[in-house]
**Q** 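Below is a structure I'd like to ask you about.
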Number of protein chains: 2
Amino acid sequence: MTEHDRTSAATLHDVAREAGVSLATASRAINGSTRNVKESNRTLVLDAARRLGYAANASAQAVARGTTTTVALLVGDVTDPYFSSIASGVVSAATERALIVAMSQTERDSQREVDLVRAMRGQRARAIILAASRRANDPHADELQRELEAYEANGGRAVFISTPSEDFRAVPIDNSGGARKLAAALLERGYRSPAVLAGPSLVGTSDEPSAKAADRLGGPAGLRTSDDRLSGFAECFAAAGHAIPSRRIISTAFTRDGGYEGMQQLIASGLDDLDMVFAVNDVMAVGAMSALRDAGIEPGRDLAVAGFDDIPTLRDVTPRLTTVQLPLTEVGHRALSLAIDDDAADAEVVEAEVVIRESTPQR
Amino acid sequence: MTEHDRTSAATLHDVAREAGVSLATASRAINGSTRNVKESNRTLVLDAARRLGYAANASAQAVARGTTTTVALLVGDVTDPYFSSIASGVVSAATERALIVAMSQTERDSQREVDLVRAMRGQRARAIILAASRRANDPHADELQRELEAYEANGGRAVFISTPSEDFRAVPIDNSGGARKLAAALLERGYRSPAVLAGPSLVGTSDEPSAKAADRLGGPAGLRTSDDRLSGFAECFAAAGHAIPSRRIISTAFTRDGGYEGMQQLIASGLDDLDMVFAVNDVMAVGAMSALRDAGIEPGRDLAVAGFDDIPTLRDVTPRLTTVQLPLTEVGHRALSLAIDDDAADAEVVEAEVVIRESTPQR
DNA sequence: CGGTCTTTGGAAAACGCTTACCGTGAGTGT
DNA sequence: ACACTCACGGTAAGCGTTTTCCAAAGACCG
């Protein structure tokens, strides 16, 4: 007895034998089902389990119960603070509920995203949370849609972050409203001639930016999040009589390097009367500031900069960046709740708050 | 036929029936075992599978095969760029091998870490990668050790990141060597009176810091990584005749806020002849720089600062931070390889390279 | 003290796969 | 034309659980 030197893990069978009870009793004692088991037997089983270092085989439980304890999380790139903040929220909310989160990176490739969804369908994940960015004109959108529909038809739950969806649950974020509020605040501070560093986009006021985007990215692709932020911002300025000329809307990658390169482009084409730059997310803004600095232009003092998201990194960046705050960890929590809890409040839009900091001084 | 409106997912059985072949044939056709199946049958099965939207139940495969495709990754906090960079490496290496990574956060709580290891043992993860920080004097160290031993006894593989381990695989990082090299470089640049912002530590030259650490953290706890970096750094300075007085070694949390608070402490106690501050990791260094700035002291110009890790964030921080570079994504790759590949080259120490930047100008 | 509930234990049938084993028919060499 | 491989299909026995169903044993009542 208490033979520890087996080469494969102890099974419930072993525990039952060691405790001198039946398989059924052991099962009931260990997971506390509806059925009671006599106290003496329960401790017998529990002790045996401890002695054998028993850990129930989750896969076997999954097939027997017909349900797993896994939640899938798809992000674009964990290294990006936007995603890692969301991921952190998802993971901790999952841990509270004794769920495992299986995380994957789409690496911003929508084909890969489809593959990953299929893989998670195979895992019979209880839910799939898609934090990776949605494109307006995605060549694989249909395939993804079909995959997710099949997934939900079998009892899974898909949850999108940021982009509202007609067909699936979502934690919608008020991107355009946030951008509008930011624009209003900047107008009030005296800014009149902004440029925008947008992600790959289709929304540009002329065709130029989207054509460029299509060119750079091997196909037409507009990031919904970026589009919404761009249009909210641009509309507000336009409404105030300061329409943003299309050459001031740069389409670039939705990343730090994208921001850096976009800013370089802007500098190369001449700054003229430009008085500020709005990058549609913080990592881009931060990249843009570096590009400015590398060109001998002091961000904030010589040219104002603003971002979107309020990622934690910003606390340590100079000048402090004006941005639109999003409760990212909270978004992760809500996504998980929406994915798992049956009574989860539906789809309340996440409000975004403008935070004015040093990078956009009063003019 | 092609009945899609079932409420639970299509099974292999359904596929076999739809294709008009036996279960065994369907299984063989879909996963391509050693056995061949006639081309005509294969396409029959594959088509049926596509029609039904079949995705093999990973749990059932796991119990049948006796092995899963899951790898567990335990990090302290995904939000920390050190961890997220490693995580990114692990996840992408896993995806290449068609493995799923289940990620959890220990939230720097070692009890939780033990619980998570137990949970992953239940998942029958193929490997457990522990990137969360090791403590010298961990109250749960024994329990963790037992848990991991049980895990390995049943064919699992545990891999530690950073801290070499006698009992388990590891991707060891040359923390003390890196710190030593950094110290040498700084000596050469004319620095003579450094302070160190260490993580919770036991190694301080007097008892003072560790006592403080014990106090703050509710028990004696020395982070191995921090200890190694501190001692490498301190030894090198001491050898050059510039021993670091114990009041100049601050024990604080291993986080950005820890760095911030540690720096505040240092400022409060008077800077005197202090000419530089070494924070044992970059996030602490970045926090420290913010604390300096908030106190009206310009990091780099008024007081030099150096860190350790070379996290991606640093590209956008001013002044550019001198640090010790670690190939974090690569570390993630190696950890996964060590965990999975049978022929994985064993435990070569990861070298750390000093990178001098603006934050430590020549004196 | 017999009868009726209520509690508890155990045997065995699922769950959705993989795979060892057996059987069949076609191809080969003589 | 014969035995002999060989390639491939199918049957059924697992894998480690949960859970249904039945039986036995008390508890309670009059």
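Lettering follows sequence order; numbering is per chain, from 1. For the numbers below, each heavy atom of this structure counts, side chains included, while hydrogens, waters and symmetry mates do not.
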**Q** Closest-nucleotide mapping onto DNA chain D: is A/A24 or B/G20 further toward the 5' terminus? I mean the 5' end.
**A**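 It is B/G20 whose nearest nucleotide is closer to the 5' end.
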**Q** Angle, rounded to 10°, between the helical axes spanning five pairs at each terminus of the helix from C/dC1-D/dG30 to C/dT30-D/dA1?
**A**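 Here the local axes at opposite ends form an angle of 30°.
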**Q** When the distance from CG of A/L12 to C1' of C/dG10 is rounded to whole Å, what number comes out?
**A**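 Computing the A/L12:CG to C/dG10:C1' distance gives 13 Å.
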**Q** So, B/D341 and B/R157, do they make that salt bridge, N to O below 4.0 Å?
**A**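 The answer is no: the pair does not qualify as a salt bridge.
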**Q** Within this structure, what is the CG-to-C1' distance between A/N57 and D/dG14, rounded to whole angstrom?
**A**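 My rounded result for the distance is 14 Å.
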**Q** Might you work through the salt bridge (Lys or Arg N to Asp or Glu O under 4.0 Å) test for A/E18 and A/R50, ending with a clear yes or no?
**A** CA-CA 11 Å; A/E18 170 94 6; A/R50 183 170 10 266; over 6 Å; no
**Q** D/dC8 phosphate, OP1 or OP2: any side-chain N/O from B/R35 under 4.0 angstrom?
**A**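 Looking at the OP1 and OP2 atoms of D/dC8, neither is under 4.0 Å from any side-chain N or O of B/R35.
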**Q** Checking A/S110 against A/D138: is there a side-chain donor and acceptor pair closer than 3.5 Å?
**A**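 The criterion, which ignores hydrogens and geometry beyond distance, is satisfied for A/S110 and A/D138.
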**Q** Rounded to the Å, how far apart are A/L23 CG and D/dG16 P?
**A**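 Whole-Å distance recorded here is 11 Å.
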**Q** Ignoring hydrogens and angles, does a donor from either the side chain of A/R124 or the base of C/dG16 sit under 3.5 Å from an acceptor on the other?
**A**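 In this structure, the two groups form no donor-acceptor pair.
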**Q** Between atom NZ in A/K38 and atom C1' in D/dA27, what is the gap in whole Å?
**A**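 About 15 Å, once rounded to whole Å.
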**Q** So, applying side chain to side chain contact (heavy atoms under 4.5 Å, CB included) with A/I161, which one of A/V331, A/L74, A/L328 is it?
**A**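 Result for side chain to side chain contact (heavy atoms under 4.5 Å, CB included) with A/I161: A/V331.
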**Q** Ignoring hydrogens and angles, are the base of D/dG10 and the side chain of B/R28 linked by a donor-acceptor pair under 3.5 Å?
**A**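 By the distance-only test, yes, there is a pair.
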**Q** Of the candidate nucleotides C/dG9, D/dG14, D/dG9, which contains the atom at the shortest distance from the side chain of B/A64?
**A**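 Nearest listed nucleotide: D/dG14.
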**Q** Kindly point out which of D/dT18, D/dG16, C/dT18 is positioned nearest to the side chain of A/S27?
**A**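 Of D/dT18, D/dG16, C/dT18, D/dT18 is nearest to the side chain of A/S27.
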**Q** Starting at the 5' end of DNA chain C, which residue's closest nucleotide do you reach first, A/V37 or B/A56?
**A**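 Checking each residue's closest nucleotide, the 5'-ward one belongs to A/V37.
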**Q** OP1 or OP2 of D/dG10 sitting under 4.0 Å from any side-chain N/O of B/S22?
**A**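 For D/dG10, OP1/OP2 do have a side-chain N/O of B/S22 under 4.0 Å.
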**Q** Please determine, by modelled atom types, if A/T225 and A/S162 share a side-chain donor-acceptor pair under 3.5 angstrom.
**A**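 Checked: A/T225/A/S162 side chains pair up, N/O donor to acceptor below 3.5 Å.
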**Q** Measure the distance from CG on B/D14 to C1' on C/dC17 and round it to the nearest whole Å.
**A**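 After rounding, the gap between these two atoms is 13 Å.
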**Q** Can a side chain N or O of B/N36 be found less than 4.0 Å away from OP1 or OP2 on D/dA7?
**A**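 Answer no for this pair, as no side-chain N or O of B/N36 is under 4.0 Å from OP1 or OP2.
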**Q** Would you kindly give the CD1-to-P distance between A/I30 and D/dT17, to the nearest whole Å?
**A**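 It is 8 Å, rounded to the nearest whole Å.
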**Q** Between D/dA25 atom C1' and A/N41 atom CG, what is the distance in whole Å?
**A**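 That distance rounds to 14 Å.
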**Q** Are the charged groups of B/R51 and B/D14 less than 4.0 angstrom apart, N to O?
**A**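 Salt bridge flag = no for B/D14 with B/R51.
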**Q** Please give, in whole Å, the distance from D/dG16 P to A/H13 NE2?
**A**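 So the NE2-P distance, A/H13 to D/dG16, works out to 10 Å.
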**Q** Under 3.5 Å, is there a donor-acceptor pair between the side chain of B/R334 and the main chain of B/E348?
**A**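 Between the backbone of B/E348 and the side chain of B/R334 there is a qualifying donor-acceptor contact (under 3.5 Å).
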